[in-house]
Structure formats: structure tokens, C-alpha cells
Amino acid sequence: MREIALLVNGEPVSVEVDPREHLADVLRDRLGLTGTHKACEQGACGACTVHLDGTPVLSCLLFAVQADNRSVTTVEGVGTTEDLAPIQRALSERHGLQCGFCTPGMIMQALDVVGRANGGLTPERVRHEMSGNLCRCTGYVSIVDAVLDAAAESSSVAAVPDNEPTQAEVSG
Amino acid sequence: MRPARFDYLAPTSVADVVSVLGADDSAKVLAGGQSLVPLMNLRLAAPTQLVDINQVAELDFLRVADGDLHLGALIRHRRLEFDPEVARVAPILAEAAGLIGHPQVRNRGTVGGSLAHSDPSAELGCALLALDAEVTVQGGTGRRSLPIAELFDGFFTTTLEDDELICQVRVPGTVPGRGWVIQEYAPRAGDFAVASVAACIDLAPGGGCVRVRAAAGGVGPTPIDLGSALGELVGETELSEGLLRHVASRAAEVIRPAADLRASAEDRRDLLQVLLVRALPAAWTRAAGSLSNGGAR
Ligand SMILES: Cc1cc2nc3c(=O)[nH]c(=O)nc-3n(C[C@H](O)[C@H](O)[C@H](O)COP(=O)(O)OP(=O)(O)OC[C@H]3O[C@@H](n4cnc5c(N)ncnc54)[C@H](O)[C@@H]3O)c2cc1C
Ligand code: FES
Ligand code: FES
């Protein structure tokens, strides 16, 4: 066993792990963060996608010891029930989930896709970039729409020039 | 399910990695983990010592020198896919990397890992063979460089010694008049290719073909060099339908396809020809385009 230090959703945690424990197991079984799902444990389904230092990775193919001293973001770190992130709101509005098993992985990958979109997302691009996330329920159409909605929302936010006061600053 | 127990080390220098590999026969290098960890999860692999190389900074570089692209073993597929220098100097590699698995796999998987894993359908091995890349490895007896063709030994095996680490790959840069293409057939996006072809064609300013390099993946125990089959293209000033079909059928004779669940050997021979008949004209057109705009892409 060895002690590792992680920054999980912004909170420093330290935990004793066996080197053979996947990051997904440590998140779920040690830290109680069961939003990260495991299905195939083969890198094929994307349900276990989390961010490692901001990059989406498969937590079934990463040993927790490899995340020592690094930052991990899971779906629990995205939005709150009262204040959903744009991708979460879009998935809900578009009916982008049914059983919800794939959804945490979809959200973590979609955040990266939207973050890198630069206004240039097409449905084809979304399908390509989300191809590592399988869904057994929706048939994907509603998920693709939700990612496009979230991207449109974030690019309209990003379109506000830096030097222009935001709504909050004006009214505050 | 969990892998069998192992000890974990994360050295920070190539020398330290090599000495651990030299001291323990059962030690295995862990790079992106995108091939090794799935095998460990199934316990098809059960190394007792893992040597994580992700903290070896000297393996993490990408630079252009003397017109060639130099890639450290730790360069991730995703970097190849989007790096502007790769697009400029070895554009076929950017295209090849974009065909590997899924984005999350490409975020972790590495050049060194792909070559060492030596899956005959891996895109990088196929593209790097068509580019005549050179691989530098380091082991207990020192450093050596070898043409990539000499790295591949057979189905999922390389000529590396147990204590040898792939450190870098030198990729000859593209030149004006060179056109390139990689094409594959896979049933779904992100799947391993059933068959793939990477081709580079050089046209002289007059328009004649002066050089052709090509390799095929998924149709033999290693990536297969198709150079000998395509030699008749050299000297030609245009790619006639007849010639194209002729060289494609010659290429189908030099491959060594096996049957598996996804395709019979015969299907693979057919697929290879279809891919070549599409790829060679595409590479030729790009080569002509490169000539007419002075070598810029
Ligand atoms: C769902 C899925 C789909 C995939 N699809 C494709 C695909 O379409 N095409 C494709 O090409 N690949 C595919 N891959 C595999 C992926 O490209 C891997 O990243 C790659 O094959 C191995 O690289 P790695 O860095 O992950 O190596 P690892 O998994 O860490 O290691 C693989 C092997 O190489 C050895 N090794 C690693 N680095 C070195 C080194 N520097 N020197 C010596 N030995 C070393 C290891 O000991 C191990 O034996 C897929 C993987 C997954 C999970
Ligand atoms: S559980 Fe990790 S990819 Fe399926
Ligand atoms: S909503 Fe059920 S698997 Fe995607």
C-alpha cells in the first residue's frame, strides 16, 4: 500500500492505495464518488471518463498511484442540482439520457469537446469526438444535440469581449 | 475485476528505467496503459513489476531538426493529431493518429507504446513504415538506432531486448512534390482497422513519379512494406486505371493475411486492393498539388 495525495474536485485528499487499484475504484470505493461508472474495464465504453489535470482519461485504465499529486475532476465536481452546468442542463432539456449510466462519462468528455470547440462544432465533429462514449439507450441523437446546445451557449458567453462589463457587473 | 498484484516504480530517467528492466525479467514498462492495462484487467498479462515511464521528462519531446521530426516515446497520439509542427513536417502522422481508437485513448496512448505493443493493425506502425522512420532504443548495453522495419518481429512482438526501452523516433520530413495518404477499413469509428494502407508518392517537377513508398496494416503479422509491389509506378506520368489495378493486385500477393472473426484472409486481400485503388490516386493528387503550390501543403 502507498499513500497518495490527490486534488479531487478541488479538495485535497490523501488515501492509501494498492498499486493495482484503478483510479475508478479509488474514487468509487474509497472516496464514495460513485458518479464515475465502470462497465467494460477495457477502455471501450467511456463510462469511467474523468479529467486528469483537465484532460479526459479512462479511469479504468489508470492506476490511482499514477494520479499522485495531480488533479482529478469527476462528474460530482460539475454543477450542482440547483445550478446545473450548461451541458447538464442541455442533456436534461434534450432528453439526452434515459437510464443515465453513460451520462457521467458523456458529461466529462463533452466538457472537453465544448471547451475546445472554438465555435467550430458540427454534428459530425461531435460524433467523432464523442465516439469513445457508448450509450445503450438514447440512440445518440439527443446527446449530440445537447453537446451542440452546450457549445452554442458557451460560445455566446465567450463572445462577450474581455473589456466589456458582464451583466452581473453592470447590475451589481 | 482487478489486475494481479504488482510492485510499482516511477523512475524519472531513462537510465533508471533501463536498470530496473535489466534487474528484473518480469518488469514491464507502463506508458499510456491503453494496451497493457486492458490486458492486465483481464489477467492476460500479469507483470509483477510495473515501471511507469510517464515521469521520464527526457522522453517527452517533439521537435523538428534538419527537416526531420523527432518524437520522444511519450508523445501522445492526441498531440500528433493536433500539433501544427506534425501537420507541417509529417502530415500523414496527424491523419494516422486521428484514426487511433477514441479521443480518451488518444489522450493517453503513446508513440513508444504503440510501437512496442506491435499490433499489426496499429496505424502508427503502418504510417511510420511508409515514412521509413528510424527508432532509437536504449538498453543495458547502450543506445542503438534501427530502421523501423527491423523493429517489428511478428504478431505483437518486436526485436527489442527485455531491458530495452524505445526512446525516440526520427521521422523524415515531407518534401515538395510528396503526396501522402492513410486509409483504412474499420467497421465502426475507433475500431482497430481490419486493413489499412499508408502511401507516399513523390512527383518530379515535370510530373513523373520518382518514388513510391507504401505499407499495409492488418494484413500480416507485422505492418507489411508494399514498396516492391508498387515499383512499377516509378517513371509513370499518370496513374491509369489499368496500372492501378495491376499494382494493387501485385500488392495483394506480398501481404500475408490471416483470418479472424472480423474478416477472412481473402476478404483482407480484396480490402487491401480497394484501399490501394483509393489511396494511390489520392496521394498522387496531393503530390501534384504540392508541386503546383511550391511544396506548401
Ligand atoms: C478502446 C481502445 C481502442 C484502441 N484502438 C486502437 C486503434 O484503432 N489503433 C491503434 O493503433 N491502437 C488502438 N488502441 C491502442 C492504443 O493505441 C495504445 O495507446 C497503444 O497501442 C499502446 O500505447 P500505450 O502508450 O498506451 O502503451 P502501454 O499500454 O502502456 O504499453 C503497451 C506495451 O508496450 C510496452 N511499452 C510501452 N512503452 C514502451 C517503450 N517506450 N519502450 C518499450 N516498451 C514500451 C509496454 O510494456 C507494453 O507491453 C486502442 C486502445 C483502446 C483501449
Ligand atoms: S469502464 Fe472504462 S472505458 Fe469502459
Ligand atoms: S442513457 Fe442509458 S446508457 Fe446512455
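Reckoned from all heavy atoms, side chains included, excluding hydrogens, waters and symmetry mates.
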Checklist entry - Just by modelled atom types, is the Thr34(A) backbone N or O under 3.5 Å from a matching donor or acceptor in the Arg28(A) side chain? => result yes

Next on the checklist: For chain B, which candidate among Leu58(A), Val113(A), Leu52(A) shows the most heavy-atom pairs at distances under 4.5 Å?
Outcome noted: Leu58(A)

Next on the checklist: What part of Arg108(B) gets within 4.5 angstrom of chain A, counting heavy atoms only: side chain, backbone, both, or neither?
Outcome noted: side chain

Checklist entry - Is any side-chain heavy atom of Leu6(A) less than 4.5 Å from a side-chain heavy atom of Ser14(A)? => result no

Checklist entry - Under a 4.5 Å heavy-atom cut-off, does chain B meet the side chain of Thr49(A), its backbone, both or neither? => result side chain

Checklist entry - Charged N to carboxylate O under 4.0 angstrom, Asp25(A) versus Lys38(A)? => result yes

Item to check | Heavy-atom side-chain contact between Lys28(B) and Phe6(B) under 4.5 Å | outcome: no

Checklist outcome for this item: The interface call for Arg188(B) against chain A, heavy-atom contacts under 4.5 Å, is neither

Checklist entry - Of the backbone (N, CA, C, O) and the side chain (C-beta and beyond), which part of Leu36(B) lies under 4.5 Å from a heavy atom of chain A, both, or neither? => result neither

Next on the checklist: Before we go on, tell me: are the rings of His117(B) and Phe156(B) under 6.0 Å apart, centre to centre?
Outcome noted: yes

Checklist entry - Relative to chain A, which of Pro38(B), Gly98(B), Gly32(B) shows the most heavy atom pairs under 4.5 Å? => result Pro38(B)

Checklist entry - Is Asp7(B) paired with Arg20(A) through a side-chain N to carboxylate O contact shorter than 4.0 Å? => result no

Checklist entry - Could you go step by step and tell me if Glu85(B) and Arg63(B) meet the salt bridge (Lys or Arg N to Asp or Glu O under 4.0 Å) rule? => result CA-CA 8 Å; Glu85(B) 288 291 273; Arg63(B) 60 174 171 261; over 6 Å; no

Next on the checklist: Please rank Leu30(B), Val105(B), Leu39(B), Asn54(B) by heavy-atom pairs under 4.5 Å with chain A and give me the top one.
Outcome noted: Leu30(B)

Checklist entry - Is chain B contacted by the side chain of Asp68(A), its backbone, both, or neither, given a heavy-atom distance below 4.5 Å? => result neither

Checklist entry - chain B: which of Asp18(A), Asn133(A), Val65(A), Leu62(A) shares the most heavy-atom pairs with it under 4.5 Å? => result Val65(A)

Checklist entry - Does any heavy atom of chain B fall under 4.5 Å from the side chain of Arg127(A), the backbone, both, or neither of them? => result neither

